[in-house]
Amino acid sequence: MTTRVIIVDDQAMVRAGFAALLAAQSDIDVVGEAPDGARGVELSRQVHPDVVLMDVRMPEMDGLEAARRILTPPPGATHRPRVLMLTTFDVDDYVYEALRAGASGFLLKDAPPADLIAAVRVVAAGDALLAPSVTRRLIADFARQRPAARGRPALRLKALTQRETEVLTLVARGRSNTEIAQDLVLAEQTVKTHVSRVLTKLDLRDRAQAVVFAYESGLVTPGE
């Protein structure tokens, strides 16, 4: 199956470079480009991509607001692509807010070409791009700066079983399914089932939102 991608970035050379790299892959089809967030939202609603590569800083509408609009479609619209944010170290706060809005992860703009290709495939498959340690550090840093919301998020944890809570804790600490299976002495398929149930019960889209939720609810605290 071919993954349909659009690229939203205000720099024409960046768009062209990413488009050429991705279009060279047999399983990826670049179906459009946009120079700002507003036109990125319009393009997404027109061509229905599987993945949106979204720059953070852009004129007219930044990537954060564009991600919110793409991931919160208007009444009657059912298409919701995966959003992969493109960022640099100096915009960490935008990355955190993008994850809260439902973005499936982020990638540094100076990452090696192979990382970009792999990231698109990972996100298209429905996984969150949380493997790089910098992602976990960003979330931990902002969780440290913003006190845990002990109200509604914490109450939602009561819907989980003890095992599901353990799995969510390990997901928030950056463990893969394989590592969680080893830690809890479970089959990997069982872990996948627990993760799926956690996402369903907490009404979360993917592992990225699960990590943010775990910190915001106080289940996991920075430095643990």
Side-chain angles (χ1 to χ4, degrees), residues 3-10 14-15 18 22 28 32-34 36-45 47-58 60-74 77-111 115-143 146 153 171-172 174 195 198-199 202-216:
T3 298
R4 293 164 55 82
V5 177
I6 65 172
I7 302 167
V8 185
D9 194 296
D10 62 328
V14 171
R15 295 198 307 272
F18 285 169
L22 294 173
I28 298 175
E33 302 175 23
D36 61 64
R39 278 183 275 187
V41 173
E42 294 177 3
L43 180 62
S44 177
R45 291 174 180 170
V47 303
H48 293 176
D50 300 304
V51 176
V52 178
L53 284 181
M54 180 75 73
D55 188 22
V56 173
R57 289 183 179 177
M58 291 180 290
E60 302 299 329
M61 180 188 295
D62 66 24
L64 177 59
E65 180 59 27
R68 285 198 189 102
R69 296 191 184 192
I70 288 174
L71 295 170
T72 309
T78 59
H79 178 70
R80 280 185 28 160
R82 301 280 173 171
V83 176
L84 178 62
M85 304 300 295
L86 301 171
T87 186
T88 54
F89 281 113
D90 63 340
V91 287
D92 292 353
D93 54 333
Y94 284 98
V95 174
Y96 181 83
E97 293 300 332
L99 290 174
R100 292 188 65 192
S104 294
F106 78 96
L107 189 70
L108 298 179
K109 294 182 77 170
D110 61 354
D115 287 1
L116 174 64
I117 296 168
V120 169
R121 290 171 176 157
V122 165
V123 169
D127 293 326
L129 195 67
L130 287 172
S133 60
V134 63
T135 308
R136 297 192 294 273
R137 186 172 68 248
L138 283 175
I139 295 172
D141 285 346
F142 278 86
R146 305 177 188 204
V171 167
V195 171
V198 167
L199 297 180
L202 298 179
D203 192 25
L204 302 172
R205 192 172 186 212
D206 55 27
R207 293 172 84 102
Q209 286 196 322
V211 173
V212 174
F213 178 90
Y215 277 103
E216 290 191 327

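Counting from 1, the numbers follow the sequence of the chain as shown.
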Would you name the heavy atoms of Leu22 and Ile28 that are closest together and state the gap between them?
O-CB, 3.6 Å
Of all heavy-atom pairs linking Asp55 and Met85, the shortest is O-CE, 4.2 Å
Results of side-chain hydrogen bond (donor to acceptor under 3.5 Å, both in side chains) for [X] - residues two or more places apart only:
X     : result
Glu65 : Arg68, Arg69
Arg4  : none
Asp36 : Arg39

Would you indicate whether the side-chain heavy atoms of [Y] and [X] approach each other to under 4.5 Å?
X     : Y     : result
Met54 : Ile7  : no
Leu64 : Val56 : no
Arg82 : Asp50 : no
Ile6  : Leu53 : no
Val83 : Leu71 : yes
Val52 : Val8  : yes
Phe18 : Leu86 : yes

For His79, enumerate each residue passing the side chain to side chain contact (heavy atoms under 4.5 Å, CB included) test, keeping only those at least two apart in sequence or located in another chain.
His48, Pro49, Pro81
Just to verify, what does Leu204 make a side chain to side chain contact (heavy atoms under 4.5 Å, CB included) with, not counting sequence neighbours?
Arg156, Leu199, Leu202, Gln209, Ala210, Phe213
Those residues that, when tested against Arg80, pass salt bridge (Lys or Arg N to Asp or Glu O under 4.0 Å) (two or more places apart):
none
Please determine whether a side-chain nitrogen of the Lys or Arg among Asp9 and Lys109 lies less than 4.0 Å from a carboxylate oxygen of the Asp or Glu.
yes
